[in-house]
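Data first, discussion second: the structure below is written as structure tokens.
Note on naming: letters A, B, ... go to the chains in the order of the sequence lines (proteins, then strands), and numbering restarts at 1 for each one.
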Amino acid sequence: MSEYNHNTIEKKWQTKWEETGLYHADIDKSKPKFYALTMLPYPSGNLHIGHWYAMTPSDARARFKTMQGYNVMFPMGFDAFGLPAENAAIKHNIHPNKWTYSNIDYMRDQFKTMGAMFDWRREAISADEKYYKWTQWFFIQLFKHNLAYRKFSQVDWCPSCNTTLAREQVWGDDRVCERCGTPVIKKELNQWFFKTTDYAEELLNFDGIDWPERVKTLQTNWIGKSEGANVVFKTESGDDIEVFTTRPDTLWGATFMVIAPEHPLVEKLITEKSRTAVEEYKEAAARQSDIERESTSKEKTGVFSGGYAINPVNGEQIPIWIADYVLMSYGTGAIMAVPAHDQRDFEFAKKFGIEIRPVIVENVEEIPNPDEMEEATIAKGFMINSGELTGTPGDKSIKTVINYIEEKGIGKGSVNYRLRDWGISRQRYWGAPIPMIHCPKCGVVPVPDEQLPVVLPEDIEWKPTGESPLKFHPTWKKTTCPTCGGPAERDTDTMDTFMCSSWYPLRYLSPDYEKGPFDPEEYNYWYPVDCYTGGIEHATMHLIYVRFFHKALRDMGIVKGDEPMMQLRNQGMVLGEDHEKMSKSRGNVVAPDVLVDKYGADVVRAYLIFFSRWEMGGPWDSQGIEGTARWLRRTWTLFTDDPQENAGTASAEILKDLRRKIHQTLESVTRDFETFEFNTIVSSFMELVNFMYKARVEGAEKTPEWDEALKLYLLMLAPVCPHITEELWQQIGHDYSIHKHSWPIFDAQAAKEDEVTLVIQINGKLKERIQVPAGLNDQEAEKIAMASETIQSNLEGKTIRKVIVIKGKLVNIVAN
RNA sequence: GCCGAAGUGGCGGAACUGGCAGACGCGCGCGACUCAAACUCGCGUUCUCGAGAGGGAUUGUGGGUUCGAUUCCCACCUUCGGCACCA
């Protein structure tokens with residue numbers, strides 16, 4: 001017998017795997033391919049337990065797929081551009097390049113202690129010139145296909161990170177920066193945008209992909225589709241004011257209009273009389289923070305513009321108000337206000353004494369008195385006060401009105417999305433430079449392909465100025481225009497790092513390829529991603545961007561298929577032992593390195609798989625891991641202890657039971673791997689080991705059944721604990737490597753029970769359990785149940801009404 | 001307010017298709033080994049009444065469907081996540 005020394009064993013096999021290239025994934029057309037992908041980390045400098053939690057079950061499943069006969073690619077890389085590197089530069093005067101790459105080196109070594117089947121030859125690092133050359137190339141492709149444009153606009157700005165943020169990167173009620181938690185402010189800047197909105201409708205369609213409902217719902221809400229109509233009102237001076245409404249059927253109830261303070265028509269509507277009040281209101285609105293302005297609890301404010309509009313359906317003249325509850329950024333920045341049927345309009349009308357006119361009622365006999373209304377009604381009955389459409393029933397009203405306004409040429413059915421175009425300009429250094437040139441003569445011109453990549457300069461001064469450090473470099477931005485040859489300037493902004501991560505699965509295909517972003521041969525074999533795993537927090541960021549990106553590339557003819565990732569699964573979060581989110585300030589952080597040192601990677605992997613349902617996550621338990629460690633030591637003992645004295649003396653029944661147990665385990669473990677129910681995989685193994693311990697006492701060792709059990713157990717365990725299984729595989733006399741072995745074949749006959757527990761209930765209450773031979777017919781089962789003494793005595797004085805028999809399981813006697 | 005997920009022992013969690021609730025692990029208790037401790041091994045462990053045999057209750061709450069509900073339906077409560085003056 002030998003001690004289980006995880007340190008020696010794990011090191012030894014990791015070295016051997018690397019030397020023999022065990023996990024190299026190469027094209028092999030004789031096998032079905034499987035592209036398993038897990039979200040790549042940011043090189044923060046340390047692998048935390050969350051990385052292990054996300055990646056080790058993903059690795060176990062990739063290994064399982066390999067054993068099932070798939071040619072599996074499971075790559076890893078680093079999302080290496082981003083702010084922390086630059087912040088480190090400012091704080092510690094270390095170059096972001098150096099900081100990032102030394103972090104990567106350190107983390108790569110940490111990764112290797114995990115024993116995962118990553119093929120490091122495929123590693124991709126987004127900050128490599130050979131990588132971001134193609135990020136820039138993709139930017140230019142998007143530009144050439146009218147999917148990238150530049151716009152002077154109001155953007156969210158983080159005053160701490162000194163850069164703009166995409167809408168997705170602004171979080172919560174307090175509208176804080178996703179990265180540092182600082183409240184964001186608004187800034188007017190010239191920015192690059194990608195037209196994600198062009199794909200809004202298609203992004204709502206998840207047909208053909210197996211993604212969690214949770215993510216689909218989050219994305220659907222984020223895209224926020226509303227159907228309704230656009231209607232054109234005219235001002236007195238003849239200008240058009242277009243509004244979007246989801247309730248065109250209430251058009252006759254519009255008693256005023258509201259436009260956003262930033263609406264371009266405000267200037268034209270102002271009269272001598274209203275000028276002072278309007279200007280004061282506009283200024284007040286501009287001074288307000290977004291939080292104040294967008295708070296739903298706030299009392300409505302507004303001011304009369306001085307102008308009027310004509311309601312195109314009934315020719316009525318209605319006042320145009322200016323109020324900050326209408327946002328310039330959604331719809332047309334103007335609304336028709338129907339106080340009787342919209343709560344916001346109702347509150348506004350009440351406050352400013354504007355007419356409230358119901359136009360939809362449940363019952364034509366009971367038209368509510370507007371003065372007595374306490375809130376807007378969302379009635380669905382009939383249209384009233386609506387000219388020739390009066391009487392239209394609610395279920396047809398919207399359609400009818402849309403037809404009506406389209407015929408009259410005053411509006412049309414339309415759809416609005418909450419999704420905005422993706423702003424990707426960042427005023428920072430450590431990112432892929434936007435490959436565009438500003439020429440005073442030719443305008444904005446892309447950098448020619450042969451000049452890519454536009455390389456970041458090394459010598460940069462670190463000043464948190466709020467503008468891109470590239471702007472202050474003495475020479476970098478100076479260039480010549482590729483069109484006219486005259487002096488021109490480079491764009492000094494860099495791209496949002498989500499741009500880099502939107503295409504990284506393609507770069508893994510061929511990270512050194514020079515003729516394009518990826519090698520078409522590799523692409524044709526491996527794409528699309530078969531299974532993608534990672535955190536739910538990316539639902540409305542990365543996971544939307546990556547789909548948008550793929551669809552845009554598809555339309556450019558660069559990739560095929562409608563979706564990049566066929567299957568997605570999200571893991572939950574590992575919480576601290578105090579059930580709180582892990583954080584340095586709370587002091588509840590669990591460091592994987594320490595655990596690996598103490599227990600070994602196999603135990604850490606198995607515990608992470610065991611301790612909670614994967615998609616739920618849960619609190620860490622430092623006592624709990626001891627149980628997993630104990631089980632793996634028991635596994636070791638099972639293989640390495642000298643046989644018991646009674647070895648080989650087990651009865652045929654014991655040996656049959658052993659075979660049954662091992663094949664039942666195989667069945668459930670196979671199913672659980674398929675369905676991502678990882679925690680029960682490890683519990684099945686624990687049960688199996690407990691069972692084998694008992695069989696061993698009964699003399700089951702040194703039998704073919706015992707040897708089969710050992711072999712099958714190791715094979716099943718190999719994806720979860722790759723090191724110990726490799727070691728024991730060798731010790732019991734098999735060839736290197738267990739990880740090249742195929743998944744065992746399930747013997748259904750062996751797994752079958754020949755005795756079952758017959759449950760006997762009276763009125764649905766459990767009264768007795770009897771062991772009976774399997775395959776008993778219903779009559780026999782009933783007879784056995786009735787013959788039981790317990791049942792007999794329980795039935796005394798009762799009349800049997802009905803007997804229900806569930807084959808091989810249960811007899812329920814209904815009696816009273 | 002809207003959308004979504006989840007509520008099961010002291011704790012993490014299990015229960016495949018409506019059929020033995022609590023697998024597996026932690027913790028706890030008892031015992032073996034040991035000079036002793038650790039390791040290891042064995043047994044027990046939902047609550048409650050009972051000395052015991054045995055009885056009763058129990059999957060957030062209340063109702064319903066069913067011979068039978070953790071599982072299906074309705075209403076509600078709590079927690080977590082997302083969105084939110086989105087017209």
Side-chain angles (χ1 to χ4, degrees), chain A residues 171-173 212-222 224-226 228 243-247 250 258 260 293-300 323-327 329-338 341-345 347-348 416-419 536-537 539-540 572-573 579 607 610-613 615-616 618-628 630-631 633-634 637 667-668 671-672 675 677 679-690 693-694 697 756-769 801-815:
Chain A
W171 282 7
D173 287 347
E213 277 313 312
R214 214 165 27 145
V215 175
K216 292 196 267 186
T217 309
L218 283 170
Q219 293 202 349
T220 303
N221 289 348
W222 185 259
K225 181 178 182 174
S226 297
V243 301
F244 171 71
T245 175
T246 53
R247 292 296 302 276
T250 63
V258 184
R293 179 162 169 184
E294 291 178 11
S295 156
T296 45
S297 53
K298 197 185 84 175
E299 200 184 328
K300 297 278 174 294
D324 63 5
Y325 81 90
V326 171
L327 309 173
S329 51
Y330 183 78
T332 60
I335 62 159
M336 64 174 208
V338 185
H341 303 296
D342 181 284
Q343 186 60 24
R344 293 155 300 178
D345 299 346
E347 284 166 23
F348 195 86
N416 250 281
Y417 301 93
R418 244 171 38 103
L419 185 75
I536 185 94
E537 67 274 15
T540 56
M573 206 190 290
H579 293 223
Y607 182 64
F610 173 69
F611 86 102
S612 80
R613 207 188 295 175
E615 73 270 24
M616 294 293 178
W620 180 260
D621 182 353
S622 53
Q623 298 277 356
I625 192 172
E626 294 285 348
T628 308
R630 200 166 295 141
W631 152 73
R633 273 197 300 270
R634 275 161 70 81
T637 305
E667 187 181 24
S668 69
R671 187 189 62 223
D672 292 345
T675 55
E677 282 162 58
N679 54 343
T680 44
I681 293 174
V682 175
S683 21
S684 307
F685 291 154
M686 287 173 172
E687 266 188 72
L688 178 65
V689 168
N690 293 344
Y693 262 67
K694 290 197 175 104
V697 173
V756 293
T757 309
L758 188 67
V759 173
I760 304 160
Q761 298 178 332
I762 294 176
N763 296 330
K765 290 209 169 196
L766 175 78
K767 291 295 168 193
E768 177 142 65
R769 300 176 181 132
R801 301 287 170 199
K802 203 173 177 185
V803 178
I804 290 143
V805 184
I806 304 297
K807 197 166 168 51
K809 274 186 183 159
L810 157 149
V811 178
N812 186 18
I813 302 159
V814 186

State which residues pass salt bridge (charged side-chain N to carboxylate O under 4.0 Å, His left out) with A:K809; sequence neighbours excluded, sorted by chain then number. none

The side-chain hydrogen bond (donor to acceptor under 3.5 Å, both in side chains) partners of A:Q761 (sequence neighbours excluded) come to none

With A:F244, which residues qualify under ring-ring contact (aromatic ring centres under 6.0 Å, His included), at least two apart? none

Should A:K809 be listed as having a side-chain N or O under 4.0 Å from OP1 or OP2 of B:rG19? no

Listed pairs, N/O of protein and of nucleotides 42-46 of chain B, under 3.5 Å:
none

For A:D342, what residues pass the salt bridge (charged side-chain N to carboxylate O under 4.0 Å, His left out) criterion, not counting sequence neighbours? A:R344

For A:I813 and for A:V759, find the nucleotide of RNA chain B with the closest heavy atom, then tell me which residue's nucleotide is more 5'. A:V759

Considering every strand and a 4.0 Å limit on heavy-atom distances, what is the contact class for A:F611: base, sugar-phosphate, or nothing? sugar-phosphate

Can you confirm if the NZ or CZ of A:K300 lies within 45° of the ring axis of A:Y325 and under 6.0 Å from the centre of its six-membered ring? yes

Tell me, please, which residues at least two apart from A:Y607 pass ring-ring contact (aromatic ring centres under 6.0 Å, His included). A:F611, A:W620

Among all residues two or more places apart in sequence or in another chain, which pass the salt bridge (charged side-chain N to carboxylate O under 4.0 Å, His left out) test with A:K694? none

Once base and sugar-phosphate atoms are separated, protein heavy atoms under 4.0 Å mark nucleotides 4-10 of chain B, 5' to 3', with B, S and - as S-S----

Tell me every residue that passes side-chain hydrogen bond (donor to acceptor under 3.5 Å, both in side chains) with A:T628, counting only those two or more places apart in sequence or in another chain. none

Any luck finding a side-chain donor-acceptor pair between A:N221 and A:R418 under 3.5 Å? no

For B:rC24, the Watson-Crick or wobble partner whose two distances fall under 3.5 Å: B:rG12

Among B:rG19, B:rC16, B:rC86, which nucleotide sits nearest the side chain of A:I804? B:rG19

C1' atoms of B:rC49 and B:rC3, separation to the nearest Å: 47 Å

So if I take every side-chain heavy atom of A:R344 and compare against B:rC86, B:rC39, B:rC67, which nucleotide ends up nearest? B:rC86

C1' atoms of B:rA14 and B:rC20, separation to the nearest Å: 14 Å

Per-nucleotide protein contact string for nucleotides 21-34 of chain B, where B marks a base within reach and S marks sugar-phosphate only (heavy atoms under 4.0 Å, - for neither): --BBSSS-------

Can you sort out the partners of A:T220 under side-chain hydrogen bond (donor to acceptor under 3.5 Å, both in side chains), two or more places apart, ordered by chain and number? none

Pair assignment for B:rA69, Watson-Crick or G-U wobble, requiring both distances under 3.5 Å: none

Identify each atom pair where a protein N or O and an N or O of nucleotides 56-60 of chain B are less than 3.5 Å apart, giving names and distance.
unit_1, atom_1, unit_2, atom_2, d
B:rA57, OP2, A:K765, NZ, 3.0

Does A:S226 place a side-chain N or O at less than 4.0 Å from the phosphate oxygens OP1/OP2 of B:rA87? yes

